[in-house]
Colleague: 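Below you'll find the structure I mean.
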2 protein chains.
Amino acid sequence: MRIVIPLFDRFTALDAVGPYEVLKFLPEAEIVFAATKPGPIRDVPTSLALTADAAFDDIDACDVLLVPGGPGARRLLDDDALLGWIRRMHGGTTWTTSVCTGSLLLGAAGLLAGLSATTHWGAVDVLESFGATYTAERVVFQGKIVTAAGVSSGIDMALALAARIADQTTAEAIQLAIEYDPQPPFDAGSPAKAPQAAKDLLARGI
Amino acid sequence: MRIVIPLFDRFTALDAVGPYEVLKFLPEAEIVFAATKPGPIRDVPTSLALTADAAFDDIDACDVLLVPGGPGARRLLDDDALLGWIRRMHGGTTWTTSVCTGSLLLGAAGLLAGLSATTHWGAVDVLESFGATYTAERVVFQGKIVTAAGVSSGIDMALALAARIADQTTAEAIQLAIEYDPQPPFDAGSPAKAPQAAKDLLARGI
């Protein structure tokens, strides 16, 4: 089972690595990080680089496409080469998935028109500009398309996906392996829950 | 504020990237991934590489040391060069931290003797062999040493640490930025919660 994760400059690393860490446990999973050209791809703020081991053009098809988001995603919404590649991959996938603003790339590729979808809470308007209906859920399944909310939600999405690809016991075994028993020290993980002072600080750029 | 994350072959990527994604938001954070030699460092099962931008020997000191775990950590418990470097860094840190079996490296370096600490649930015996007392908590603060449980716990640890380094509002703003409102689809994230079938499957290697 080939799982492809496209990378681009200024992607968000946890969007990619969270689901990666789950899906890598699936039997016969082969995970490929890809980019326009192979080599190190920098996230923001440039301190971290993941290596792309394949070029987009070298990948004919995949079973699972997992598109991360990040500040760089918004710069690629009119990148015909990338969007065309996403459409070609989607044509052959069993599952087409995104994390955070990766859903904007699915939307820009025309895959979300008329569907419910989610994204980072700060990107709702852009998502809906592609004809999707934003749903304030952590993970949204629509046929073979699965979108997840901001950044850390990719872990939840990948566990739900692992249960569909394999079975619930497999997903639970993976959850145990990564000791995913989250205990956030604060309860500020969504706009509905975060104190106003935290929202104000984030709006100012922390 | 310099935060250094050491990498080694067969590290677990989420151990490093989870806390990275939180701590990078701290004002004036400079995060450096380091290894014996700069270049790409592979996790298990070899599909992902993070780039180390510095060599251990090039780093004189840091404010925060964050040691990830992974299968490779257990192979380094008698690596005098790495353990000596960890001790040198620890001598100048404000915070010395670990995720998952990263705490075994802190233990092997002699930093945990007589302290309470945590680690991945599967590594308790090794942790205690270094004179630490295992505590089944998600995050354990002992003076300036902070240990976190398995893999995904690094996100919780980093948010707690961000509140100590900055303040709670800053940590909450970061939690909102990464939309960390976890909703695991199953409740199997610790040995106390996981169904026996999931434990058995994991014991067989999934």
Side-chain angles (χ1 to χ4, degrees), chain A residues 12-14 17-18 20-21 24-27 30-33 40 45 47-51 53 100 120-121 138-139 149-153 155-156 159-160 163 168-186 188-191 193-195 197-199 201-202 206, chain B residues 12-14 17-18 20-21 24-27 30-33 40 45 47-51 53 100 120-121 138-139 149-153 155-156 159-160 163 168-186 188-191 193-195 197-199 201-202 206:
Chain A
T12 294
L14 185 54
V17 172
Y20 163 81
E21 206 65 73
K24 78 177 191 189
F25 282 97
L26 286 173
E30 175 213 3
I31 304 185
V32 180
F33 289 89
S47 48
L48 178 146
L50 252 66
T51 298
D53 287 313
C100 197
H120 190 279
W121 56 265
R138 192 89 174 143
V139 180
V151 191
S152 58
S153 66
I155 301 172
D156 295 327
L159 286 169
Q168 181 171 334
T169 298
T170 301
E172 289 171 332
I174 296 170
Q175 184 179 0
L176 180 59
I178 65 167
E179 206 163 344
Y180 185 50
D181 182 26
Q183 296 170 28
F186 311 110
S190 75
K193 296 176 175 177
K199 293 185 196 182
L201 182 61
L202 182 58
I206 304 186
Chain B
T12 294
L14 185 54
V17 172
Y20 163 81
E21 206 65 73
K24 79 178 191 187
F25 283 97
L26 286 173
E30 175 212 4
I31 304 185
V32 180
F33 289 90
S47 48
L48 178 146
L50 253 67
T51 299
D53 287 313
C100 198
H120 190 280
W121 56 265
R138 192 88 174 142
V139 180
V151 191
S152 58
S153 66
I155 301 172
D156 296 327
L159 286 169
Q168 181 171 332
T169 298
T170 300
E172 289 171 333
I174 295 170
Q175 184 178 0
L176 181 58
I178 65 167
E179 205 163 344
Y180 186 49
D181 182 26
Q183 296 169 27
F186 311 110
S190 76
K193 296 176 176 177
K199 293 185 196 183
L201 182 61
L202 182 58
I206 302 186

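Letters A, B, ... mirror the listed sequences (proteins, then strands); counts begin at 1. The figures here come from the full heavy-atom set of this structure, side chains too, leaving out hydrogens, waters and symmetry mates.
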Colleague: Report yes or no: does B:Glu179 contribute a side-chain atom to a donor-acceptor pair with the main-chain N or O of A:Ser152 at less than 3.5 Å?
Modeller: no

Colleague: Which residue out of B:Ala160, B:Ala13, B:Ala173, B:Ser153 racks up the most heavy-atom pairs below 4.5 Å with chain A?
Modeller: B:Ala173

Colleague: Taking B:Asp181 first and then A:Lys193, would you say they form a salt bridge - that is, a charged N and a carboxylate O separated by under 4.0 Å?
Modeller: yes

Colleague: The test is side chain to side chain contact (heavy atoms under 4.5 Å, CB included); show your working for A:Tyr180 and A:Asp156 and say whether it passes.
Modeller: CA-CA 9 Å; A:Tyr180 185 50; A:Asp156 295 327; 2.7 Å; yes

Colleague: Working note: A:Ile174 + A:Leu26, criterion side chain to side chain contact (heavy atoms under 4.5 Å, CB included); need CA distance, chi angles, decisive distance, verdict.
Modeller: CA-CA 8 Å; A:Ile174 296 170; A:Leu26 286 173; 4.2 Å; yes

Colleague: Quick check on the interface: out of B:Gly18, B:Ser190, B:Cys100, B:Pro182, who has the most heavy-atom pairs with chain A under 4.5 Å?
Modeller: B:Pro182

Colleague: Measure across B:Leu159 and A:Phe186 and return the closest heavy-atom pair with its distance rounded to 0.1 Å.
Modeller: O-CE1, 3.8 Å

Colleague: Look at B:Pro27, B:Pro195, B:Ala163 and state which one has the largest set of heavy-atom pairs under 4.5 Å with chain A.
Modeller: B:Pro195

Colleague: Given heavy-atom pairs under 4.5 angstrom as the criterion, report whether the side chain, backbone, both or neither of A:Glu21 touches chain B.
Modeller: side chain

Colleague: So which of B:Leu176, B:Val32, B:Val17, B:Thr12 has the largest heavy-atom pair count under 4.5 angstrom toward chain A?
Modeller: B:Leu176

Colleague: Mind ranking B:Pro184, B:Ala197, B:Ala177, B:Ala194 by heavy-atom pairs under 4.5 Å with chain A and telling me who comes out on top?
Modeller: B:Pro184

Colleague: Go through B:Arg138, B:Glu30, B:Glu172, B:His120 and name the one with the most non-hydrogen pairs under 4.5 angstrom from chain A.
Modeller: B:Arg138

Colleague: Under the side chain to side chain contact (heavy atoms under 4.5 Å, CB included) criterion, do A:Ile178 and A:Phe25 qualify, and how do the steps go?
Modeller: CA-CA 10 Å; A:Ile178 65 167; A:Phe25 282 97; 3.9 Å; yes

Colleague: Pick whichever of A:Val151, A:Val139, A:Ile31, A:Ile155 has the most heavy-atom pairs under 4.5 Å with chain B.
Modeller: A:Val151

